[in-house]
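Have a look at this one before I ask anything.
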Amino acid sequence: MAHGSRDASSSATIHALLRRVRSLRPELPARCAFLDLNRPSLRDALYQLRSERPILVPLLLSTGYHVRVDIPAAVAAAGLPTSQAARALGPHPLLAEALAARLAETGATPEAPVVLAGAGSSDPTAIADTARMAHLLARHLGRPVTPAHLSAAGPTPHEAVAALRAAGHHDVAVATYLLAPGFFARRAATTEARWTSPPLAAHDAIARLILHRYDEALSFPRCAGGADYLVRAGVGSSTATGSAVAWSA
């Protein structure tokens, strides 16, 4: 499940990610849905597929309001059990793998301290998830990572970078903890950091994580005769083996 965006490059990135997921598991069809701003809406997609009991995989990096409230409400409105919804993507070691790869693409030196620039949230659960993701990334990189938030909470990436520079670290790297380009990604790129990674986008580790969350959701008891559908952001397709739905923002 993704969030939706007015930025055309954001939805194009989500479509590319879904194509990557399909390439890893071509027998599993995937359909597209969005929480906001884009069509089809999540509610419409679930209503259309309710008889086929789709699995919903949120393309969200933390367990915030959308995961705890909006998604269960949409699932319930479609007459589906809550076990049809997978967990948020993060935090997870596969995200650390993708973040590290995007940082390496910038040419950031291995000793540079890192600021993890998440979207931010007023939900303390989401803030805690970003902190846990910073810990996972620090362990993966073997150097300090400071969690920061682009909205609703502090410190901001600008503040975190400034604090590190004031402490004598002139070469700081920002790891952009976002799936797709857009307003927040542009904001993350305006700090005084020497290196800023691009959004995670259609990285292979992200595609594998989406399928991992799908498989987790399948471990819940299911009604006999129900087809398996994956709900995830991207382009639709259909085969005789089942179908998947993607939420995109």
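None of these values were measured; they are calculated from a predicted model.
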request  = Could you check Asp171 against Arg165 for salt bridge (charged side-chain N to carboxylate O under 4.0 Å, His left out), going step by step and ending with a plain yes or no?
outcome  = CA-CA 8 Å; Asp171 292 337; Arg165 287 172 56 83; over 6 Å; no

inquiry  = Atom CD of residue position Glu192 - does it have more than 12 heavy atoms of other residues, nucleotides or ligands inside 6.0 Å?
reply    = no

query = Is a salt bridge present between Asp215 and Arg25, judged by a nitrogen-to-oxygen distance below 4.0 Å?
reply = yes

inquiry  = One thing to verify: whether Arg87 and Glu216 come together as a salt bridge, which I'm taking to mean a side-chain N less than 4.0 angstrom from a carboxylate O.
reply    =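 Yes, this pair counts.
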
task = Test Leu99 against every option in Met133, His203, His140 by the side-chain contact (heavy atoms from CB on, under 4.5 Å) rule and name the one that passes.
result = Met133

query = Would you say the side-chain atoms of Tyr214 pair up with the backbone N or O of Leu209, donor to acceptor, closer than 3.5 Å?
reply = no

request  = For the pair Thr176 (side chain) and Leu178 (backbone), establish whether a donor and an acceptor sit closer than 3.5 Å, ignoring hydrogens and angles.
outcome  = no

query = Can you name the closest pair of heavy atoms from Ala152 and Ser122 and give their distance?
reply = CB-N, 3.7 Å

Which atom of Ser121 lies closest to which atom of Ile127, heavy atoms considered =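 So the two residues come closest at O-CD1, 3.3 Å.
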
ask   = Hey, any chance Val172 and Leu116 share a hydrophobic cluster, counting ILVMFWY side chains that come within less than 4.5 Å of each other, even indirectly?
value =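 Val172 and Leu116: separate clusters.
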
key: hydrophobic_cluster_shared for Leu103 and Val174, side chain cutoff 4.5 Å   =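 Hydrophobic grouping puts Val174 apart from Leu103.
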
query = In Å and rounded to the nearest 0.5 Å, what is the CG to CG distance from Leu200 to Leu179?
reply =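 Here the rounded value is 6.0 Å.
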
ask   = So how far is it from Ser62 OG to Asp123 CG, rounded to the nearest 0.5 Å?
value = 7.5 Å

task = Begin from the C-alpha positions of His149 and Thr156 and carry the test side-chain hydrogen bond (donor to acceptor under 3.5 Å, both in side chains) through to its verdict.
result = CA-CA 5 Å; His149 312 280; Thr156 67; over 6 Å; no

message = Given 3.5 Å as the limit, does a donor-acceptor pair link the side chain of Thr106 with the main chain of Trp195, or not?
response =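 Not at all, since once roles are kept as given, no pair shorter than 3.5 Å links the two residues.
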
message = I'd like to know if Glu97 pairs up with Arg208 as an ion pair, taking the criterion as any Lys NZ or Arg NE/NH1/NH2 lying under 4.0 Å from an Asp or Glu carboxylate oxygen.
response = yes

message = Membership question, hydrophobic clusters at under 4.5 Å side-chain separation (ILVMFWY): are Leu211 and Ile55 in the same one?
response =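 Yes; Leu211 is reachable from Ile55 via cluster members.
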
key: Worked verdict on His92 versus His212 for side-chain contact (heavy atoms from CB on, under 4.5 Å)   = CA-CA 11 Å; His92 195 277; His212 172 67; 3.7 Å; yes

message = I'd like to know whether Leu42 forms a side-chain contact (heavy atoms from CB on, under 4.5 Å) with Asp70, so could you lay out the CA-CA distance, the side-chain angles of the two residues, the decisive distance to 0.1 Å, and finally the verdict.
response = CA-CA 10 Å; Leu42 175 60; Asp70 289 339; over 6 Å; no

message = I'd like to know whether Glu111 forms a salt bridge (charged side-chain N to carboxylate O under 4.0 Å, His left out) with Arg143, so could you lay out the CA-CA distance, the side-chain angles of the two residues, the decisive distance to 0.1 Å, and finally the verdict.
response = CA-CA 7 Å; Glu111 65 274 8; Arg143 62 187 190 270; over 6 Å; no

ask   = In terms of hydrophobic clusters joined by side-chain contacts under 4.5 Å, are Leu95 and Leu137 together?
value = yes

task = Go through the side-chain N and O atoms of Arg20 and Ser23 and say whether any donor and acceptor fall under 3.5 Å apart.
result = yes

key: Polar side-chain atom of Arg102 near backbone of Pro198 as donor-acceptor pair, under 3.5 Å   = no

ask   = Stepwise, does the side-chain contact (heavy atoms from CB on, under 4.5 Å) test hold for Leu56 with Leu46?
value = CA-CA 9 Å; Leu56 284 68; Leu46 289 178; 3.4 Å; yes

Pair Leu61-Tyr177, side-chain contact (heavy atoms from CB on, under 4.5 Å): steps then yes or no = CA-CA 8 Å; Leu61 296 174; Tyr177 189 40; 3.8 Å; yes

key: Hydrophobic cluster identity match, Val21 and Leu94, side-chain contacts under 4.5 Å   = yes

